[in-house]
Amino acid sequence: MALDSIRGSIRDKGVRLTRQRQILLELIDKSGQHLDAENLFRMAKQKDPKLNRVTVYRTLKLLKEGGLVDELDLMHYGGDQHYYETRTKQEHAHVICLRCGRVEEFFGDPLQRLRRQIEAHFGFEILLARTEVGGYCSHCRALRAREVEEARAEPPSQMNHRSGKPKHAPRSS
């Protein structure tokens, strides 16, 4: 959803668009990142030193309840944090690397076909769909393959068979 459209929606709901709310909206919409509340607070504080955490959390709640911002967990890569993005006109899937945390967005016809199949199969009207896919990006897959090869090449006598960790040389006193 374009920032102008979000501003209009806020006004339509009778909510005043304060300077602080505007800063948060712009950060969420234009950062190119999926920001959690804490990072959003830090970035917004640089633009307005008077901004406080409570305002950030209240604004996020207001935007979420108004259907203007989506709250995502992104496969809980960062623990229990939630991340925020403005609603876009086109649905997309989030593809998350479970090793490095990189997030990509996938747009395309397969998602729309899946949506139509679900609606037809269940006689269901979908109002909101979120898709998250977890795995390993190409960089992390290469790192994992290298780690597996190194582990295979390591002589078995240097490994502690109970813990799977390298044995340490005995200390001399």
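- A salt bridge is absent between Glu149 and Arg146: the closest approach of a Lys/Arg side-chain nitrogen to an acidic carboxylate oxygen does not fall below 4.0 angstrom.
- Using a 4.5 Å cut-off between side-chain heavy atoms of Ile, Leu, Val, Met, Phe, Trp and Tyr, Ile126 falls into a hydrophobic cluster with Leu114, Ile118, Phe122, Phe124.
- Note that CZ of Arg42 and CG of Leu35 are 10.5 Å apart. Values are rounded to the nearest 0.5 Å.
- Looking at Leu40 and Leu24, their side chains come closer than 4.5 Å, going by heavy atoms from C-beta outward.
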Quiz item: Between Leu25 and Leu63, does a side-chain contact (heavy atoms from CB on, under 4.5 Å) hold up when you go through it step by step?
Solution: CA-CA 9 Å; Leu25 266 175; Leu63 296 173; 3.9 Å; yes
Practice problem: Please assess Val133 against Ile96 for the test side-chain contact (heavy atoms from CB on, under 4.5 Å), listing each intermediate value before the final yes or no. | Solution: CA-CA 6 Å; Val133 178; Ile96 302 110; over 6 Å; no
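- Residues Ile28 and Leu60 form a side-chain contact, since some pair of their non-hydrogen atoms from C-beta on lies under 4.5 Å apart.
- Between Glu71 and Tyr83, the side chains place no donor N or O within less than 3.5 Å of an acceptor N or O (distance only, hydrogens not considered).
- Listed for the Thr55 side chain is no donor-acceptor partner under 3.5 Å among the backbone atoms of Leu51.
- Taking all atoms of both residues into account, the shortest heavy-atom contact from Leu72 to His34 is CD1-CD2, 3.7 Å.
- The shortest heavy-atom contact between Ala129 and Arg115 is CB-NH1, 4.4 Å.
- Val56 and Met43 fall within the same hydrophobic cluster, where Ile, Leu, Val, Met, Phe, Trp and Tyr residues are linked whenever their side-chain heavy atoms come under 4.5 Å apart, directly or through other members.
- Taking CG of Leu74 as the start and SG of Cys97 as the end, the distance is 12.5 Å to the nearest 0.5 Å.
- Note that CZ of Arg58 and CG of Asn52 are 8.0 Å apart. Values are rounded to the nearest 0.5 Å.
- A heavy-atom distance below 4.5 Å is not found between the side chains of Thr18 and Gln22.
- With rounding to the nearest 0.5 Å, the separation of CD in Glu105 from NE2 in His94 is 4.5 Å.
- Here the closest heavy-atom approach between residue Pro49 and residue Lys45 is recorded as O-NZ, 2.7 Å.
- Taking 4.0 Å as the cut-off between side-chain N and carboxylate O, Arg99 and Glu147 count as a salt-bridged pair.
- Defined by atom type and a distance below 3.5 Å, a donor-acceptor pair is missing between the side-chain atoms of Glu132 and His76.
- Heavy-atom contacts from other residues, nucleotides or ligands closer than 6.0 Å to CZ of Arg130 number more than 12.
- Distance check: Phe41 CZ to Arg53 CZ gives 4.5 Å after rounding to the nearest 0.5 Å.
- In this structure the side chain of Asp36 never reaches within 4.5 angstrom of the side chain of His82, judged on heavy atoms.
- How far CG of Leu143 is from OG of Ser138: 10.0 Å, rounded to the nearest 0.5 Å.
- Between the side chains of Glu85 and His92, at least one donor-acceptor pair of N or O atoms lies under 3.5 Å.
- A salt bridge links Arg102 to Glu104: at least one charged side-chain nitrogen sits closer than 4.0 Å to a carboxylate oxygen.
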